[in-house]
Structures are given as C-alpha cells and as structure tokens.
Amino acid sequence: MSNASNYLENELLDHILGEGSRNYVPTTLFVALFADTGSGVATALESGTSSTTGTANWGYYEITGGNYARVAVDFNAASSGSASNTSAVTFNQANANYDTAGGAGNTVTHVAIMDAGGTSGGNVLFYGELSVNKTVTTGDTFQINAGALTVSLA
C-alpha cells in the first residue's frame, strides 16, 4: 500500500514545513475495509469524504453491517521506506453478509489506514487494493496476517 491520500499529503507537508498545527499524530490507527465492483473506490479514497452518498466519496464504499467495525493496527518501525503491521488484524466475525452504503456487495477489494475507529468518519491516511479480493459472508472472519499490511513512501 503506497497511496497516500490528499489529506495526509497536506498534513505531512504542513508538519514538515511548519504550517498549521504541526503536530498531526493520531493516537491510534485503524484498518477499514472497502468494496467496489469497478475502479471508483480508489479515486474516492484519494480525495473523497466519509459521506455515504455519491460515488466520489469513500463512505459510499466502506463496508457496513454484518458486525463490521474498523480494527486498530500497530506498525513496526519503518525500514527502507516502508513499515508493516506488527500483529494480525482480525475483524469481528460477520453475523450477516458484508455490504456497503452504495450496495457494492460483500467482496472486499481495498483497505485503508484511518485515523478514527468505529464504522464511519475520520480521515483516510493510506489506502491500497488487495492482491486477492475476499468475499465476506455470514460466519466469515476477515483477517490480515502479521507483516502482510505494508505501508510505503517509496
């Protein structure tokens, strides 16, 4: 995952250049899941909002229902321009098929690192497409193994 959102790019520039609050450090990071049958979610994750209306907004594509909630994640210290998750990121067992506000279905295609937990809101920091999509139905548990989620600025 090497895509930084416009929001994060602006925060990093302000921090480094001494503009704005200059202290953007979220206390906890979270992994969010997204589904899309086309390519709209990547564009929405880059510059959209949490609004659940309209395909230009990432909230339209975030998983809803099925006992879904974002999961906290910790990362190892960066090395050679990238960092990976320290332990497995395990989502709640689905008590119904996953879906999205936009009705894109239950196949997870993208993940994002967020600065807020829960099921909505916050800001997208990094995002990327899964190498293998995962359909989540009743009884399934979505998991990202330790070291399998890599964030890179390279």
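The figures here come from the full heavy-atom set of this structure, side chains too, leaving out hydrogens, waters and symmetry mates.
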Counterpart residues, ring pair (Phe, Tyr, Trp, His ring centres under 6.0 Å), relative to F30 (two or more places apart):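 Testing F30 for ring pair (Phe, Tyr, Trp, His ring centres under 6.0 Å), a comparison that skips the adjacent residues, returns none.
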Do [X] and [Y] have side-chain heavy atoms sitting under 4.5 Å apart?
X: T138; Y: N95; value: no
X: D74; Y: N85; value: no
X: N57; Y: T52; value: no
X: E129; Y: V41; value: no
X: L33; Y: Y68; value: yes

Pairwise distance [atom1]([X]) to [atom2]([Y]) - rounded to 0.5 angstrom:
X: E62; Y: L45; atom1: CD; atom2: CG; result: 9.0 Å
X: T49; Y: W58; atom1: OG1; atom2: CH2; result: 7.5 Å
X: L149; Y: S87; atom1: CG; atom2: OG; result: 11.0 Å
X: Y98; Y: I63; atom1: OH; atom2: CD1; result: 7.0 Å
X: S120; Y: M114; atom1: OG; atom2: CE; result: 9.0 Å
X: K134; Y: T141; atom1: NZ; atom2: OG1; result: 9.0 Å

Q93 side-chain N/O to D140 backbone N/O, donor-acceptor pair under 3.5 Å: no
F91 ring center near F142 ring center (under 6.0 Å): yes
Contact summary for A83 and N76, nearest pair of heavy atoms: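 Shortest heavy-atom separation between A83 and N76 comes out as CB-O, 3.4 Å.
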Atom of A116, atom of G122 and distance for their closest heavy-atom approach: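 The answer is CB-CA, 3.6 Å.
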In a table with atom names and distances, give each donor-acceptor pair under 3.5 Å that connects a side chain of residues 101-110 to protein atoms at least two apart or in another chain.
from, atom 1, to, atom 2, distance (Å)
N106, ND2, V136, O, 3.3
T107, OG1, T135, OG1, 2.9
T109, OG1, D36, N, 3.3

Partner residues of E46 under the side chain to side chain donor-acceptor pair (under 3.5 Å) criterion, sequence neighbours left out: Y127
Stepwise side chain to side chain contact (heavy atoms under 4.5 Å, CB included) test for L125 and D115: CA-CA 7 Å; L125 304 180; D115 64 1; 4.2 Å; yes
